[in-house]
Structure formats: C-alpha cells, structure tokens
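Only this structure's heavy atoms are used, side chains among them; waters, hydrogens and symmetry mates stay out.
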Amino acid sequence: MENSKYPKFTFTWLGGLTLVAGLFVGTMAVSLLGTFWKVAFRENLELKDWFFMVANSVGFLTAIAFFDFFIVRRTTQRKLNFNLSSVNFYTYLLIFPMMAGMMFITEFITSLIPTTGPFFGDFYEYFTQLMNQLTDDPVMMIIMTVIMAPVFEEIIFRGIIQKGLMNKGVEPWKAILYASIIFGLVHGNPWQFISAVMLGCVLGLVYYKTKSLLIPMLLHGFNNLSLSLLVLYGKEESFGKVFKVSEWLILAVGIVLFSLFYYLFMKKYKVHYSEI
C-alpha cells in the first residue's frame with residue numbers, strides 16, 4: 001500500500017482495549033440518557049422500537065471514534081478513512097455467488113449444532129427470543145441488519161482489525177482468520193459464531209483482494225438481507241426449511257458454488273486492485 005492516501009495504522013492489544021472502551025462509553029451514554037428520560041419525562045425509551053438501533057449505533061460510532069482519535073491520529077497524524085471505491089462489474093459476478101455458496105455451507109454446519117438439551121436448549125431459547133424481538137418491526141430489522149450492521153461491523157472487523165494486523169506485518173491469511181474469529185466471538189452464541197467466522201473469512205478475503213471496504217459491506221448486507229427475508233416471509237432462518245429441501249442438498253450446492261467462484265476469483269481473475 002505504498003503511496004496510499006489512507007493511514008497505515010496497526011492493530012494491537014491497545015487498539016482492542018480502545019475499541020472496547022469506546023463501545024462502553026457510548027453504551028453507557030445511551031443508558032444514562034434513557035434513565036434521565038425515564039425520571040424527567042416518565043417515559044421508558046427502552047420500550048421504543050428504535051431505541052435498540054440508536055444504542056447500537058452510538059456504541060459502534062464511539063468505538064470507531066475512540067480508535068480514530070487515540071490510535072490512528074496519534075500514530076499516523078492522519079484521520080481514519082477507508083477506500084470505498086467500487087470495482088468492475090465482472091468482480092461482482094464472481095464474489096456474490098461465492099458468498100452465496102459459503103452461506104449454504106455455513107447453514108449446513110450450523111444445523112449440526114444442537115438446539116436442545118440442558119445447555120443448548122436454554123441458550124437457544126434465549127437466542128430465539130432475542131431474534132424474535134428484531135422481527136417485531138420489519139423496517140427496523142432491515143435498517144439494523146442490512147444497512148447499519150454491515151457498515152459498522154465491516155469498518156471495525158475488516159477495516160480496523162484485519163487491516164491493522166496486516167499493517168503490523170501479520171500474514172494476510174492469519175489477519176483474515178483472527179479478525180473473523182473475533183467477529184464470531186462478539187456474536188455471543190455458537191450458532192452465529194460458526195457462520196460469522198466462515199463468512200468473515202470470505203469478507204476478509206474479498207477486502208484483501210479488492211482493497212475496497214465497500215465490497216465486504218455489500219456482501220455482508222447481501223447475507224443479512226437474505227436471512228432477514230427468510231425470517232420475515234419464511235419464518236425460518238434456513239434455506240433448507242423454507243424451501244423444504246435437504247440440508248445435504250444445500251451443502252452440495254454450496255460447495256459447488258463456492259469452489260467454482262472461489263477458483264474463478266482467485267486463480268483466473270487476474271485484475272489487481274490497489275489502495276491508492
């Protein structure tokens with residue numbers, strides 16, 4: 001990334017603590033606002049459909065702002081910004097089917113994780129209740145999952161963590177894997193952990209190859225939109241259950257799609273993108 005107009009910051013444990021501190025400050029600020037509003041106006045903002053969206057947004061924004069002011073600007077004398085340029089049309093024809101293939105593969109693997117039993121049963125019920133709260137307002141669900149989550153999460157996990165690790169000298173495949181594992185862990189449940197890690201690796205790979213953060217944002221939005229439509233209209237977060245086909249068929253289609261388009265994207269497609 002020589003002669004890049006983007007800051008060449010690194011990501012270390014200090015950067016991780018800075019992100020966590022920013023998230024904590026933002027979340028606490030929203031919580032205090034909610035408490036003040038309840039006392040002053042006798043209205044519980046936490047019951048509003050939009051409150052959770054605002055709380056998430058503020059938390060992510062303060063985390064990013066903290067990293068910008070306390071890490072990036074102090075070490076590079078530049079403000080945090082990213083390459084958000086588009087790519088040529090042929091690239092899109094390769095990466096979206098590749099992403100879809102991995103979505104099918106992760107669905108099969110996730111289906112193998114138990115949803116009943118002394119531990120998984122209670123955990124899955126709690127997780128399901130959280131997901132059901134999001135579907136109460138379809139508009140808010142789409143805004144949060146398809147627009148806000150891809151933007152904020154890709155900035156943090158690919159734009160800050162993965163890129164910062166690579167700038168530090170970590171091998172690209174390791175940086176992609178580390179960022180994806182952290183991405184999976186923050187989802188806080190075993191079902192989303194698997195899919196977040198595997199899909200995160202695809203997002204990280206695409207970011208590494210295209211050098212544009214816009215592209216993983218679009219792919220992330222595509223994944224979340226697909227799952228949101230399944231939940232809203234099919235009442236299930238599974239292609240197999242909605243379309244009444246075997247998970248083994250979903251796996252087979254996923255392997256074919258991912259393998260073919262991964263090969264075309266990595267081996268046959270020789271366009272070199274630069275972050276300048």
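Counted by atom type alone, S195 and T110 present zero donor-acceptor pairs between their side chains at under 3.5 Å. With no hydrogens or angles considered, no side-chain donor-acceptor pair links S85 and Y273 at under 3.5 Å.
A 4.5 Å side-chain heavy-atom check between K79 and V72 finds every atom pair outside the cut-off.
Rounding to the nearest 0.5 angstrom, the gap separating the CZ atom in F82 from the NZ atom in K211 is 15.0 Å. Put simply, OG on S86 and OH on Y92 are 2.5 Å apart, with the number rounded to the nearest 0.5 Å.
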Item checked: Verdict with supporting geometry, D68 and R73, salt bridge (charged side-chain N to carboxylate O under 4.0 Å, His left out) -> CA-CA 6 Å; D68 180 22; R73 300 194 187 202; 3.0 Å; yes
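A search for side-chain contact (heavy atoms from CB on, under 4.5 Å) contacts involving W248 returns F108, S246, L251, not counting sequence neighbours. Annotation: side-chain contact (heavy atoms from CB on, under 4.5 Å) contacts of F152 (sequence neighbours excluded): S57, F60, L61, I64, M148.
Membership of the apolar cluster around F24 extends to M28, as traced through chained side-chain contacts below 4.5 Å between ILVMFWY residues.
Within the cation-pi definition used here (under 6.0 Å to the ring centroid, within 45° of the axis), K267 does not qualify as a partner of Y269. Within the cation-pi definition used here (under 6.0 Å to the ring centroid, within 45° of the axis), R158 qualifies as a partner of F183.
Here the closest non-hydrogen pair linking G184 and A196 is CA-CB, 3.6 Å.
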